[in-house]
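A short worksheet on the structure shown next.
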Amino acid sequence: MTPTRILRIKHIVVKTALSRSGLPDIDYALNPYIGCIHGCIYCYARLYTRDKEATSNWGSVVVVKQNIASVLERETRRYKPGVVGVGTITDAYQPIEAKYKLTRRCIEILLSRRFKVSIQTKNPLVLRDLDILSSHRENVDVGFTITTLREDVRRMIEPYAPPSKARISAIEKLSSSGIKTWIFYGPIIPGLNDDEETVKDLITLAYKTNSLFYYDPIHVKDFMKTPDHPLWRYIVNKPRDWRSRVIKSIEVLCSEYGVKCRPGFTGDSTI
Ligand code: SF4
């Protein structure tokens, strides 16, 4: 069971919907919400989020961009079609989407205007939109982040996100529906979710679902660099070669399984 809690929901009117993206293979970013109810303790998105209340209460404040669909309608008439990353600094399918349906409306607009849609989520709610995704499957890919298959670890690091089992079922459903899928294994945290069994199980899942496999050893950010942060004890004092060892073992196993793999981010502040 995913725990629930009291949230603060704010509504804003926006002037822009799409923003230029610096992510590889993505031309534009679309984030219908600011902040994320999933509240992952490692979430880097808080560093790129402008709403101070959401940033300092990560996971408890969500801002709804209530007019985003109408702004997107206008922008997609003017902008050159390209690949749109949906949910680059929020989860566009976090539970609040079940009520507001902003992501659903936005992907409908994008796909009808020949934009491509690349969704990253942790929430099987994306299956609600399988009707739209299936009818544009050549222009769609969906990635699920899975960091661990152990529920105790998942509850610790992603306390309000759906269990990994539910994510796995969703990937299987998407894949069997002909949607291009990918798995994002990250952040990989030394001594917490970098064990051989986890790596093997996730690569096996990628093999079975014909998913591209992204791996991403943790990027240590300032907000983690305190003994109060639950991840600190895992990220401090780790062997210098941990990162290269973990990457090598993933790449070797992917090669054995014939699974295509890629680094998740090529960002900074690694250990
Ligand atoms: S689901 Fe993604 S955006 Fe939401 S809190 Fe977790 S890492 Fe951050």
Side-chain angles (χ1 to χ4, degrees), residues 2-5 7-10 19 21-23 26 29-65 68 84-100 102-103 106 118-128 141-148 151 153-168 170-171 182-189 192-193 202 214-224 229-231 234-235 264-265 267 269:
T2 305
T4 51
R5 66 211 142 128
L7 301 167
R8 175 157 155 66
I9 312 290
K10 302 198 289 184
S19 56
S21 170
L23 294 168
I26 299 284
L30 181 99
N31 292 287
Y33 306 98
I34 298 171
C36 182
I37 291 170
H38 289 156
C40 306
I41 64 169
Y42 53 75
C43 182
Y44 310 138
R46 74 190 80 198
L47 303 173
Y48 306 99
T49 296
R50 287 197 198 135
D51 187 283
K52 277 197 179 141
E53 201 185 347
T55 305
S56 49
N57 300 280
W58 193 254
S60 299
V61 176
V62 176
V63 183
V64 177
K65 298 181 182 177
I68 192 167
V84 180
V86 175
T88 58
I89 55 166
T90 186
D91 193 322
Y93 284 97
Q94 59 182 298
I96 200 171
E97 164 63 13
K99 174 180 174 191
Y100 286 91
L102 294 181
T103 303
C106 286
S118 179
I119 297 165
Q120 182 172 5
T121 185
K122 289 188 174 90
N123 204 311
L125 179 59
V126 65
L127 294 176
R128 178 201 61 189
D141 62 75
V142 180
F144 265 82
T145 306
I146 305 179
T147 47
T148 178
E151 262 305 277
V153 175
R154 198 278 306 159
R155 276 195 293 269
M156 173 194 163
I157 60 178
E158 299 161 351
Y160 302 101
S164 301
K165 272 192 182 163
R167 303 179 209 174
I168 291 168
I171 294 178
W182 43 281
I183 293 165
F184 189 95
Y185 172 38
I188 309 169
I189 301 156
L192 187 64
N193 65 343
L202 290 178
Y214 289 92
Y215 55 83
D216 193 48
I218 191 166
H219 302 251
V220 179
K221 304 294 184 186
D222 283 347
F223 71 85
M224 302 171 191
H229 195 282
L231 294 183
Y234 294 97
I235 54 187
F265 296 114
S269 186

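Values reported hereafter were calculated over all heavy atoms of this structure, with side chains retained and with hydrogens, waters and symmetry mates removed. Note that ligands are numbered from 1 as they come in the structure, with each ligand's atoms numbered from 1 the same way.
- The salt bridge (Lys or Arg N to Asp or Glu O under 4.0 Å) analysis of residues 31-42, with sequence neighbours excluded, yields no pairs.
- Within the structure, the closest approach of Trp58 to ligand 1 falls below 4.0 Å when heavy atoms are considered.
- Each of the atoms 3 (S) of ligand 1 lies under 4.0 Å from some heavy atom of Thr90.
- Contact of the Leu47 side chain with the Phe223 side chain is registered, since non-hydrogen atoms from C-beta on lie closer than 4.5 Å.
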Mind running side-chain contact (heavy atoms from CB on, under 4.5 Å) on Thr49 and Trp58 for me, showing each step along the way? CA-CA 10 Å; Thr49 296; Trp58 193 254; 3.7 Å; yes

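- Partners of Tyr33 according to the side chain to side chain donor-acceptor pair (under 3.5 Å) rule, which considers only residues two or more places apart in sequence or in another chain, are Glu97.
- For atom 6 (Fe) of ligand 1, protein N, O or S atoms under 2.8 Å: 1 in total.
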Carefully, step by step, assess Val126 and Arg167 under the rule side-chain contact (heavy atoms from CB on, under 4.5 Å). CA-CA 10 Å; Val126 65; Arg167 303 179 209 174; over 6 Å; no

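- Contact check for Leu7 versus Ile96: no side-chain heavy atoms found under the 4.5 Å cut-off.
- With sequence neighbours excluded, the residues forming a salt bridge (charged side-chain N to carboxylate O under 4.0 Å, His left out) with Lys10 are Asp51, Glu53, listed by chain and number.
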